[in-house]
Protein chains: 2
Amino acid sequence: MTGKQFTSVWLREPRKATSPGRSREEIVSAAMELLDAEGLDGLSMRKLGAKLVAGATSLYWYVANKDELLELVYDEVWGGMTVPDPEIVGWRDAAAAFAHNMRASLLRHSWATSLVGRTPALGPNALAAGDLMRRAFRLAGFEGLEIDYANATLTAYVFGMVIPEVAWNTAMVEGEIDEDGVRQAVAHAVRDYPDLIAGVCEAQEVTTRLAREMSFDFGLHSVLDGLEARLVT
Amino acid sequence: MTGKQFTSVWLREPRKATSPGRSREEIVSAAMELLDAEGLDGLSMRKLGAKLVAGATSLYWYVANKDELLELVYDEVWGGMTVPDPEIVGWRDAAAAFAHNMRASLLRHSWATSLVGRTPALGPNALAAGDLMRRAFRLAGFEGLEIDYANATLTAYVFGMVIPEVAWNTAMVEGEIDEDGVRQAVAHAVRDYPDLIAGVCEAQEVTTRLAREMSFDFGLHSVLDGLEARLVT
DNA sequence: ACCTGAACACCGTTCAAGT
DNA sequence: ACCTGAACACCGTTCAAGT
């Protein structure tokens with residue numbers, strides 16, 4: 001009858017914050033440091049325990065399991081995505097700023113992109129951001145379910161763009177890989193597709209930070225234009 | 001000087017296909033079965049070996065490591081994304097059909113969404129799809145880098161939408177979870193955000209297949225409209 | 001050329017036991 | 001209330017050895 005429950009840290013009351021011993025905040029911020037330094041694979045309960053000068057299994061007192069720990073750190077990433085008040089700057093500027101902040105925050109904590117489809121985003125920071133964006137789209141003139149559709153469209157775009165961007169970044173960093181070698185190899189793989197070859201060559205400068213921002217902005221303006229088009233109909 | 005190389009199955013010549021013993025195709029399709037049945041966590045080299053009535057480590061003769069095996073199965077998923085010829089149906093219909101096919105293929109092999117930012121898509125099927133989409137956007141009137149920008153925008157949207165959709169699906173399936181319970185729990189988590197509550201309530205029917213397709217189409221039309229707007233400028 | 005088993009260096013998590 | 005170590009059931013991968 002009653003199968004496994006859907007669980008999330010955010011759906012349980014946190015343990016009473018008592019003074020002695022370690023705290024949940026301490027654990028979360030140590031986990032963040034480990035993640036930023038070594039990536040998702042670099043975080044293990046054993047390593048995190050060692051970093052906190054504690055037995056590896058002590059952490060289970062503060063956190064039900066590793067997945068819930070990841071929920072906690074994930075929400076910290078959402079905390080880095082500030083959204084300007086749409087009532088002040090207007091919905092479109094608010095949405096654009098939100099998109100840029102999402103991207104920046106994900107680039108800062110690149111391990112987070114691996115959590116997108118895996119960790120429920122029900123923490124306070126994620127909810128606050130979602131709430132603000134809903135207000136922005138309501139202000140724009142969307143109603144009912146379309147508010148959520150518009151919001152989903154924008155965040156889908158950002159995640160979909162940043163996930164591959166981060167993948168490329170980390171593939172390059174992990175061992176100071178020589179980018180030209182990669183491009184040559186890719187060009188070779190692509191040799192049967194004349195149209196793609198042109199793309200690879202033109203993409204020479206695409207690896208620079210500025211060019212990637214241009215690409216991001218191109219799509220962002222498209223998405224916002226497309227959403228705006230929904231309003232006049 | 002020369003750091004770790006960027007490696008991919010597709011950048012090496014495959015081992016000569018000799019008759020005796022197992023074949024790479026056999027391994028890949030067994031891996032697909034395991035993945036479809038048990039998800040990404042269900043695939044281990046040991047289990048896969050057992051399924052093929054072989055020692056767990058025999059597979060390393062055919063495949064360098066697990067990551068390369070994942071590259072191979074990932075490209076099979078791309079093979080499920082057929083694109084109609086844009087010269088026949090027009091760029092916009094081709095793009096829309098591609099988006100729907102991508103979504104369908106990812107829903108069919110839900111484990112694939114976890115590979116999006118992790119496994120390079122350089123296989124023949126991925127390249128063929130990319131090539132066709134480039135032709136569609138060129139036909140639409142895009143030039144130079146903008147062809148790639150437009151393509152990136154569309155695929156980003158699809159991935160960004162489908163990844164959370166799959167996450168929701170698997171969260172529900174894993175243990176026949178009662179959806180109403182989840183919604184109640186989420187509504188409770190969201191209690192401080194009056195605007196979000198409205199969204200959760202309206203989203204009652206969002207869990208149905210049809211409603212999700214509506215949501216997908218809403219965003220898809222927005223993205224295509226937005227791209228089209230780039231052309232008239 | 002192909003396959004094997006043992007071994008290494010890891011995992012997340014449980015649980016009885018300590019203070 | 002908090003922390004520990006031992007133990008369990010797994011991983012991916014290497015490598016010498018077999019046929």
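Nothing here was measured: the structure is a model prediction, and the numbers come from that model. Letters A, B, ... mirror the listed sequences (proteins, then strands); counts begin at 1.
A heavy-atom distance below 4.5 Å is not found between the side chains of A:T7 and A:D67. Annotation: side chain of B:N151 is in contact with side chain of B:R134 (closest heavy-atom distance under 4.5 Å). Side-chain contact between B:L70 and B:L43: present, with at least one pair of heavy atoms (C-beta onward) separated by less than 4.5 Å.
Taken to the nearest 0.5 Å, the OG atom of A:S114 stands 8.0 Å off from the CZ atom of B:R118. Rounding to the nearest 0.5 angstrom, the gap separating the OG1 atom in A:T119 from the CG atom in A:L69 is 10.0 Å.
Applying the side chain to side chain contact (heavy atoms under 4.5 Å, CB included) criterion to A:L127, with sequence neighbours excluded, gives B:V190, B:Y193, B:L196. For A:S44, the side chain to side chain contact (heavy atoms under 4.5 Å, CB included) test picks out A:R46, A:K47, with sequence neighbours left out. Every residue two or more places apart in sequence or in another chain that forms a side chain to side chain contact (heavy atoms under 4.5 Å, CB included) with B:S110 is listed here: B:V166, B:T170. The salt bridge (charged side-chain N to carboxylate O under 4.0 Å, His left out) search around B:E76 returns none, not counting sequence neighbours. Every side chain to side chain contact (heavy atoms under 4.5 Å, CB included) that B:A121 has, sequence neighbours left out, goes to B:Y74, B:W78, B:A126. Scanning for salt bridge (charged side-chain N to carboxylate O under 4.0 Å, His left out) contacts around B:E165 gives B:R103, B:R212, with sequence neighbours left out. In this structure A:F218 satisfies the ring pair (Phe, Tyr, Trp, His ring centres under 6.0 Å) test together with B:Y149, sequence neighbours excluded.
Within 4.0 Å of B:S58, counting heavy atoms only, lies at least one base atom of the nucleic acid. Residue-level contact check: A:L43 touches the backbone only, with heavy atoms under 4.0 Å from sugar-phosphate atoms and none from bases.
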> Could you spell out the base pairing of DNA chain D in dot-bracket, with Watson-Crick or G-U pairs whose two distances are under 3.5 Å, [ ] crossing and | to another strand?
Replying inline: ||.|||||...|||||.||
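Between the CG atom of B:L69 and the P atom of D:dC11 there is a distance of 14 Å, given to the nearest Å. When rounded to the nearest whole Å, the span between CD of A:E68 and C1' of C:dG12 equals 14 Å. Rounded to whole angstrom, the span from the CG atom of A:L59 across to the C1' atom of C:dC11 amounts to 14 Å. Rounded to a whole Å, the CG atom of B:N65 is 14 Å from the C1' atom of D:dC11. Atoms OH (A:Y60) and P (C:dT14) sit 7 Å apart, rounded to a whole Å.
Within a heavy-atom distance below 4.0 Å of DNA chain D, the residues of residues 45-54 of chain A found are A:R46, A:A54. Across residues 26-35 of chain B, not one residue has a non-hydrogen atom less than 4.0 Å from an atom of DNA chain D.
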Hey, what are the protein-to-nucleotides 15-19 of chain D N/O distances that come in under 3.5 Å?
none

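For B:Y62 and C:dC3, the shortest distance from a side-chain N or O to OP1 or OP2 is below 4.0 Å. Close to D:dC2, at under 4.0 Å from its OP1 or OP2, lies a side-chain N or O of A:W61.
C:dC3 and D:dC15 have their C1' atoms separated by 13 Å, with the value rounded to a whole Å.
Residue pairs that meet the ring pair (Phe, Tyr, Trp, His ring centres under 6.0 Å) test with at least one member in residues 109-134 of chain B, sequence neighbours left out, are B:H109-B:W111.
Between A:A64 and A:D41, the residue whose closest nucleotide on DNA chain C is further toward the 5' end is A:D41.
Other residues, nucleotides and ligands contribute only 12 or fewer heavy atoms inside 6.0 Å of the CE atom of B:M214.
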